[in-house]
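For reference, the structure discussed in these notes is given below.
Protein chains get the first letters and strands the later ones, always in sequence-line order, with residue 1 at the start of each. Keep in mind it's a predicted model, so treat the numbers as computed, not measured.
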Protein chains: 2
Amino acid sequence: MKRTTIKDLARQFGVNPSTISRALNNHPDVGEDLKNRVQTLANQLGYRPNRLAASFRNRRSRLIGLIVPQVNMFFFPSIIKGVEDIARAKGYSLIVLHSSDSLEREIENVQICFENNIDGLLVALTRETQNLEHFDLLREAETPIVFFDKILEDPNQQAVVIDDFEAAATLAQTFRETGCKRIAGVLGDPNLNITQKRRSGFEYALRDYPAELRFVNADSAAQSRVKMQELLASGFAPDGLFTMSDETLLGAVAAIEGNENGLPKCHIACFSDGLLPNYLNVHMTYVQHSGYEIGQTAMALLHEQICRETVLPVSNIVQMPTTLIRI
Amino acid sequence: MKRTTIKDLARQFGVNPSTISRALNNHPDVGEDLKNRVQTLANQLGYRPNRLAASFRNRRSRLIGLIVPQVNMFFFPSIIKGVEDIARAKGYSLIVLHSSDSLEREIENVQICFENNIDGLLVALTRETQNLEHFDLLREAETPIVFFDKILEDPNQQAVVIDDFEAAATLAQTFRETGCKRIAGVLGDPNLNITQKRRSGFEYALRDYPAELRFVNADSAAQSRVKMQELLASGFAPDGLFTMSDETLLGAVAAIEGNENGLPKCHIACFSDGLLPNYLNVHMTYVQHSGYEIGQTAMALLHEQICRETVLPVSNIVQMPTTLIRI
DNA sequence: AACGATTGCGCAAACGGTTGCGGGTAGAGC
DNA sequence: GCTCTACCCGCAACCGTTTGCGCAATCGTT
């Protein structure tokens, strides 16, 4: 069965397709009577507009691109939920692409987005990304872009992040308060902007505090566990643990709890989306930065840009508020 | 800056747009010389085809719809990764929609997919879904659909699942072997097909085994934890735990480990995507059903249907193999 | 040299919906 | 009876790409 088109409806009523189009779009140039009859028949026949045709004509696809470096367990699901909820409310659909932590694939993804004529793009960068040249394609097409979470310093960008430096510093303070002397920190990839900011915020807050800091880098729960096991095996017995993400938290806690030599009470402070900490049965302090809210905010910001129909030449970095939670 | 189109290229070479189109698509009707010159200039100018136009003309959008009941932590990320990897390899992009466990929203999602002229659809149903009528829209348009994980019994459907009955029975056996007498089972929503199958497989395998079975239903980690806490508070002290998903596993284990009265050694058997069990620092047996592979298989199956260009009137339920793992 | 086959390109329509413009009709006002 | 206006609707172009068909030029064959 073919799908019913505007032309089909036009034939039914013996009018011009343009009139049907206007009737369906509630254009004032169509008589009330005809308008009603058209709309009811359209419903009966289950008429659904062909967005492809409309998009093509209007040069608006009503499609949003979402590019993430990887599909992880904790942050990504929250993000996609937040983005999709807002996008749907505004009448947009989501094309989701992941870069597998590869710049090459990120570039591919941008091209895919361009070819699909997306109306706007949301991006979290890979750890390999050093500049934003590959987005020029979209910028020249005046397609608004909002970066979030994993971003680069760059003029004239729209972005949604948290105050990583400040949050890390706040977490660092808790180690001072609890009197920790040997702190293990599991950070993300050292190339990442957020890793650098969180580390420097952490170190800055403890710059005059006499504790031994040992940092390791890990991108996944598995890596975090291994790195932590190595650290423990090396004889370092931390009384404090700092992690930068839920993934690394999971791995590090597993390593510590699985440690055969046992371990004295260990104070934990971390960044988290808020779910995992409640299931680990250990006390900890965490900065909750909600992926859901970041996703919502980023999408809302993007939508503003789209409606404005002109890319702002100003930089706008939205810093989301975070909450410090003790459990 | 406007994007370069085929017409721009045609003007440059003083030829007809159709010739440019053929040159770019390596059509034999274009001379080698011209073909090369066109392709090199197209690269230089960074020409990217406007898929919207091509899709419109060809009635193929190269878009795949992916509808999931909810965006959870463990299963969904694996699924989307598997689907996207295959889809990308075949030249398709993904529109991701979640139904928030609501039939109404699922119906909306199907309509969105239809309007976007998707070439194929992958669906895991909500717990509210009782029939597949709302997919008729797409079926009439001859759009292939592949159901996965959460499906309904229905003739003439393509689906990818696991043998839930058998797998649950296998897990049940482990309780018999370890001699458990009081088994707590945390299952998903009772309306779900997989819940019913897994429960009946479980009960069947233990039909002649003298153990006390207590089942509770939970959709999330939080619910699972609460239900398990209630069960423990009621005086039931399980020596065996059976869960149906990673989410429920996480909640149930947290409840047991957080139990103030302590608990004797508890044998755990569950369904899992394979990641979480390694981080809980408890021994268990689990049936690994890889969301990644299910996603890949479902997408590959869908691609076959798309290429066949005619919807098969036969039912084809692919049962993925599972692995029993003890840790 | 005459003829058929092949090569290489142009022409134009089509996909479905949108929109500026124009025009016909009916009613109101003088 | 005339003009003016408001109301409704048709006409046709357009968005970028694809493709069947046609045709001229070239090539190969007898």
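- Each of A/A53 and A/T19 lies near DNA chain D, and the nucleotide nearest A/T19 is the one positioned closer to the 5' end.
- Rounded to whole Å, atom P of D/dG16 lies 10 Å from atom OH of B/Y47.
- When the side-chain hydrogen bond (donor to acceptor under 3.5 Å, both in side chains) test is applied to B/E115, the partners found at least two apart in sequence or on another chain are A/R48, A/R51.
- Between the CG atom of B/L34 and the C1' atom of C/dG10 there is a distance of 13 Å, given to the nearest Å.
- Separating the CG atom of B/N16 from the P atom of D/dT17 is a distance of 13 Å, rounded to the nearest angstrom.
- Note: CZ (B/F56) to C1' (D/dC15) measures 9 Å, nearest angstrom.
- Side chain A/S18 to base D/dC9: no donor-acceptor pair is found below 3.5 Å.
- Contact of B/R22 with D/dG20 (side chain to base): a donor-acceptor pair of N or O atoms is detected under 3.5 Å.
- Nucleotides of DNA chain C nearest to A/N25 and B/G14 differ in position, and the one nearer the 5' end is that of B/G14.
- Residue A/I145 is tested with A/Q305, A/R139, A/Q158 for a side-chain contact (heavy atoms from CB on, under 4.5 Å); the sole match is A/R139.
- Taking atom CG of residue A/N58 and atom C1' of nucleotide C/dT18, one finds them 6 Å apart after rounding to whole Å.
- Between the side chain of B/T5 and the base of D/dC15, no donor-acceptor pair of N or O atoms lies under 3.5 Å.
- As rounded to whole Å, 10 Å separates atom P of C/dA14 from atom CZ of B/R57.
- Distance from the side chain of A/A54 is smallest for C/dG17 among the nucleotides C/dG17, D/dT18, D/dG10.
- Dashed line: the shortest gap from a side-chain N or O of A/K7 to OP1 or OP2 of C/dC15 is under 4.0 Å.
- No side-chain N or O of B/N116 forms a donor-acceptor pair with one of A/R62 less than 3.5 Å apart.
- Two residues are said to be in side-chain contact when any heavy atoms from C-beta on lie closer than 4.5 Å; B/N117 and B/L63 fail this criterion.
- Remark: the A/Y47 side chain and the A/D8 side chain contain no N/O donor-acceptor pair separated by less than 3.5 Å.
- What separates CD1 of A/I6 from P of C/dC15 is a distance of 14 Å, to the nearest Å.
- Between the C1' atom of C/dG16 and the CG atom of A/N50 lies a distance of 6 Å, rounded to the nearest Å.
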